[in-house]
Each structure stands twice: as C-alpha cells, then as structure tokens.
**Q** 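Below are the structure tokens for one structure; questions will follow.
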Amino acid sequence: MTTATPAGAAKTSALLSPSPTSAPRPDAPAAPPVRRVPLAVSGLLAAALTAYVWSAHGAKPGVLLLLGLGLGVALFHSRFGFTSAWRQLVAVGNGTGLRAHTLLLGTTATLFALLIGTGTGLFGSVPAPSAGPLGLGLLIGSFVFAVGMQLGGACASGTLFAVGSGQTSIVLTLGGFIAGATLAAWQFDLWKDLPALDPVVMADHIGWFGSWAVTILVLAAIALVSRRVQARRNPPPIDAVPSARSAAARILRGSWPLAVGALALAALGAGVLAVSGGAWGITSAFSLWGAELVRALGGHPESWSWWQQPGNKEMLAGPVLTDKTSLTDIGIMIGAAVAAALGGTWTLHRGVPWRTATAAVLGGVLMGIGARLAGGCNIGAYLAGIASGSLHGWIWGAFALLGTWAGLKLRPLFGLGNPKPGDGVC
C-alpha cells in the first residue's frame with residue numbers, strides 16, 4: 001500500500017532541496033596539513049596587535065579589531081564571495097551564491113531591526129541605519145565597481161580575505177583599490193554635485209517592523225526566482241574547496257557551508273553596528289590609508305575637500321588604529337591568514353601573468369572610484385543599505401548586476417575566463 005505525498009508537502013520538499021545542476025558537486029579534497037609558520041606569524045600578529053590597540057586606545061577599538069578577525073575567519077572558511085556569486089549567476093545561471101546573499105541580507109536585516117529599532121548599542125553607541133542619496137553617483141559608481149570586481153577578481157571583502165590568504169594577484173587589486181579610492185577623494189570637487197535625491201529609509205515611513213517585513217519578502221522572492229532560473233538553465237555546480245574531514249575539525253580548519261558563513265557574518269556585522277553605532281564597511285579605510293601615504297610623501301590631503309567634510313575630517317585627524325573601518329579591515333586580513341594557515345592553504349602565488357596583473361590593478365582602481373561615487377561597496381552600500389531598509393542598497397545591487405554583465409564581456413581581453421554551461425564546475 002502506498003500513501004500519496006500531499007501536494008503542499010511535495011512543494012515544501014522541492015523548495016528545500018538543492019537546486020539542480022548539470023552534474024553533482026564534486027567531493028571536496030582533503031585539507032592539506034596546517035601551515036605552522038604562517039599560523040604562528042599570523043596568530044602572534046593578531047594577539048600582539050589586539051593587545052596594543054586595547055592598551056593604547058581602549059576596549060572599544062580592541063573589540064572592533066576582534067570582530068574584524070572573526071570576519072576574516074568566517075569569510076575565508078566559507079569562501080563567502082560576491083564577485084564569484086554574481087559571475088556564476090550572470091554567466092551560467094547558478095544562483096547558489098546569490099541565495100547565500102539573501103540569507104546574509106535577511107539575517108543582517110533582522111539583527112539591524114532589533115538593534116536600531118530598540119536603540120541597543122554598546123560603549124555608549126547608538127546604532128543608526130546606513131542610508132545613501134539616490135543619484136547619478138550611485139548608478140555610475142555601483143556599475144563601475146562591479147566591472148572592477150570582475151576584472152580585479154574580488155570584491156571589497158573578498159580582496160581583504162584573499163590578501164590575507166596570500167593571493168599575490170589580489171595584493172595588486174588592493175593596491176589599485178587604495179589608489180582609486182584616494183584619487184576619487186582627491187577629485188571630490190569634480191563629482192560631489194552630481195544630481196541626487198535624498199536618502200529613502202523604509203523605517204521612516206512604515207516603522208522598523210514594516211521595513212523588516214518588506215525586506216524579508218523581497219529577499220524570499222529573489223531566492224525563489226533564482227531557484228527557478230537555475231532549474232531552467234541547469235548550470236554546472238560550484239567547485240568544492242579543500243575541507244577537513246570531521247565536523248569538529250571543520251570548525252577550525254574549514255570549509256564551512258555558505259549558509260554557516262552567512263549566519264556568522266551577519267552576527268559579526270551586527271556586532272560592529274552595536275559596538276560602533278555604524279554598519280560594517282570596507283572602503284572608507286582605503287581612502288584614509290591612501291591619504292596617510294600621500295601625507296608621508298609630503299602631500300597635504302587635509303586640504304582636499306573630501307577630508308574637510310564632517311566625519312571625514314575627524315577620521316583623518318585621528319590615529320588609523322582608532323578608525324572603525326581600518327580596524328575591521330586589518331582584522332579581516334589577519335583573521336583570513338590565520339584561517340588559511342589552519343586550513344593548510346596559505347601560500348604566496350608567484351609568477352602572476354602580466355595581463356592578470358594589469359586587470360588586477362585596473363579592477364582595483366575602478367572599485368576604489370566606484371565605491372566613492374556610490375557611497376560604498378558590496379558591504380557598505382549593498383549589505384548595509386539593504387539590511388537598513390535603505391533604497392540605495394537595492395539600487396546598488398541592481399546596477400552592480402549590470403556592471404557584472406559588462407565586466408564578464410571584458411574579462412577575456414585580459415586572459416580571464418568565464419563559466420560556461422558545458423564546464424564541469426563553475
């Protein structure tokens with residue numbers, strides 16, 4: 001005797017099952033042995049820098065550095081990416097990475113609504129939403145940023161954790177990123193008056209619960225649509241990365257499922273908001289580091305209009321190791337180095353082809369300029385904006401998808417490949 005499965009149960013089962021791909025995902029290779037020397041160096045650096053920041057500048061900067069270290073570990077162990085996720089979606093229709101984004105965005109939005117809606121902060125901080133103007137700078141900047149990340153091989157957060165793990169070509173991307181962000185700050189007067197409308201934050205109109213509910217519904221719709229697209233296109237699976245064999249070992253050595261990475265990043269990002277009062281960001285630190293380099297070389301960045309703006313002026317006047325974004329950025333690089341050493345994959349890549357190097361620098365410059373024009377990157381604008389219920393975060397994501405399409409067209413000019421439907425993995 002057989003029992004028919006109820007239609008509702010069948011639909012639920014189909015929704016929760018993995019989206020189809022043209023082949024099963026390959027088994028993850030075993031993680032190599034722990035890289036003891038890189039682990040010792042990065043571990044000592046993490047401990048020494050945390051002790052110094054804590055003693056010289058206090059508990060709040062020290063906690064922000066620790067949160068950055070945690071972000072670096074989570075980013076590397078889960079290989080949580082934005083560049084590859086959008087490339088896989090646009091090129092072959094694999095929405096696995098995008099659905100991980102919706103989990104990260106939805107969880108972060110939930111935590112942000114709780115913290116901001118109740119005014120719950122630490123160290124006297126009052127959490128505030130991240131909102132940006134809706135204008136030409138946002139449209140151009142997000143598009144240019146996405147082109148840059150496809151050429152440079154990483155987004156803002158991906159650049160930091162890749163550098164921490166020893167990927168030499170991404171060091172070039174980081175150098176270009178800093179240069180582009182510095183150039184845009186220097187030339188602030190050229191683009192500061194681009195047409196723009198005031199920021200729109202949903203909570204100002206429908207309250208924090210209403211803002212949260214709308215955000216979750218839209219994210220759920222995106223996840224469902226991406227599953228349908230993937231089922232229709234039947235793309236190659238995402239390649240597997242080296243992983244520890246036992247569940248306990250994977251906590252320390254990786255690799256983590258994307259869902260675990262999304263939840264960890266959401267919790268740590270909420271921690272940054274609670275401690276500092278502002279959302280997790282990446283790229284404002286690059287403008288600061290570039291300005292400090294210009295000053296060390298005898299220049300006067302304090303005379304630039306960018307550094308005379310409220311907030312920016314105080315950032316430049318203070319020590320780098322008290323700047324929230326610098327602390328978390330540095331923490332991400334060191335945390336990723338610790339994670340990569342534990343996972344046995346930390347290495348310095350040599351012999352970067354000249355076309356790859358050119359693309360890395362150019363991509364970094366484009367990302368630096370784009371982030372300044374758009375008021376943020378995939379973290380400071382896309383993640384923080386959507387999680388805050390700000391319209392600019394959604395617009396950033398939409399135009400970044402368009403920029404991803406354009407970036408994929410340019411990648412072959414630099415010898416960079418794109419996923420294809422007939423590939424074994426993407």
Side-chain angles (χ1 to χ4, degrees), residues 82 86 101 105 108-109 112-113 116-117 126-149 155-156 180-181 183-219 221-222 273 277-284 287 304-313 315 325 366-406:
F82 294 82
W86 279 324
H101 292 184
L105 289 161
T108 304
F112 273 30
I116 301 173
V126 179
S130 292
L134 312 177
L136 195 58
L138 173 62
L139 306 184
I140 297 172
S142 54
F143 181 89
V144 168
F145 183 95
V147 173
M149 70 180 182
C155 58
L183 176 63
W186 174 45
Q187 294 298 320
F188 178 57
D189 289 333
L190 290 180
W191 56 271
K192 67 178 181 179
D193 293 324
L194 290 173
L197 301 175
D198 291 335
V200 175
V201 179
M202 288 191 291
D204 294 339
H205 305 278
I206 56 177
W208 277 105
F209 178 78
S211 173
W212 170 82
V214 170
T215 300
I216 296 300
L217 287 173
V218 175
L219 291 171
I222 292 171
L273 175 66
W280 172 30
I282 300 282
T283 58
S284 65
S287 297
W304 303 352
S305 297
W306 173 263
W307 293 114
Q308 294 174 3
Q309 303 301 304
N312 294 348
K313 184 176 182 179
M315 185 191 305
T325 309
L366 291 175
M367 284 193 287
I369 294 172
R372 290 283 62 79
L373 289 174
C377 61
N378 57 294
I379 300 298
Y382 174 62
L383 172 59
I386 291 177
S388 297
S390 174
L391 185 57
H392 90 289
W394 292 105
I395 294 174
W396 195 101
F399 275 79
L401 276 175
L402 292 175
T404 296
W405 177 85

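Because the structure is predicted, anything quoted here is derived from the model rather than measured.
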**Q** Compare every heavy atom of Ala181 with every heavy atom of Arg372, then report the nearest pair and how far apart it is.
**A** CG-O, 3.9 Å
**Q** Determine all donor-acceptor pairs shorter than 3.5 Å in which one atom belongs to a side chain in residues 127-142; sequence neighbours excluded.
**A**
unit_1	atom_1	unit_2	atom_2	d
Ser142	OG	Leu138	O	2.7
Ser142	OG	Leu139	O	3.3

**Q** With sequence neighbours left out, what residues match Trp396 under ring-ring contact (aromatic ring centres under 6.0 Å, His included)?
**A** Phe145, Tyr382
**Q** Report all side-chain donor-acceptor pairs from residues 206-215 shorter than 3.5 Å, counting only partners two or more places apart or in another chain.
**A**
unit_1	atom_1	unit_2	atom_2	d
Trp212	NE1	Thr110	OG1	2.7
Thr215	OG1	Ser211	O	2.9

**Q** For Ser390, give me all partners under side chain to side chain donor-acceptor pair (under 3.5 Å), at least two apart in sequence or on another chain.
**A** His392
**Q** Checking Phe82 now: which residues fulfil ring-ring contact (aromatic ring centres under 6.0 Å, His included) with it, not counting sequence neighbours?
**A** Phe80, His101
**Q** Can you name the closest pair of heavy atoms from Phe143 and Ala406 and give their distance?
**A** CZ-CB, 3.7 Å
**Q** To the nearest 0.5 Å, how far apart are OG1 in Thr108 and CG in Leu273?
**A** 10.0 Å
**Q** Holding to side chain to side chain contact (heavy atoms under 4.5 Å, CB included), I want the full list of residues that pass it with Ser284, two or more places apart in sequence or in another chain.
**A** Met315, Thr325
**Q** Return the minimal non-hydrogen interatomic distance between Thr283 and Ala371, and the atom names on each side.
**A** OG1-CB, 3.7 Å
**Q** Phe188: which residues meet the ring-ring contact (aromatic ring centres under 6.0 Å, His included) condition with it, sequence neighbours left out?
**A** Trp191, Trp306
**Q** Please find the pair of heavy atoms, one from Gly148 and one from Met367, that lie closest to each other, and give the distance.
**A** C-CG, 3.7 Å
**Q** Check side chain to side chain contact (heavy atoms under 4.5 Å, CB included) between Leu183 and all other residues, then give those that pass, not counting sequence neighbours.
**A** Trp186, Gln187, Ile369
**Q** List for me each residue that meets ring-ring contact (aromatic ring centres under 6.0 Å, His included) alongside Trp405, sequence neighbours excluded, and say none if there are none.
**A** none
**Q** Does Ser388 have any side chain to side chain donor-acceptor pair (under 3.5 Å) partners at least two apart in sequence or in another chain, and if so, which?
**A** none
**Q** Between CG of Leu105 and CD1 of Ile386, what distance do you get to the nearest 0.5 Å?
**A** 5.0 Å
**Q** Output the distance between atom CG (Leu217) and atom CD1 (Ile222), rounded to the nearest 0.5 Å.
**A** 11.5 Å
**Q** To the nearest 0.5 Å, what is the distance between CG on Leu391 and CE on Met202?
**A** 8.0 Å
**Q** Please, which pairs that meet salt bridge (charged side-chain N to carboxylate O under 4.0 Å, His left out) have at least one residue in residues 192-215, sequence neighbours excluded?
**A** Asp189-Lys192
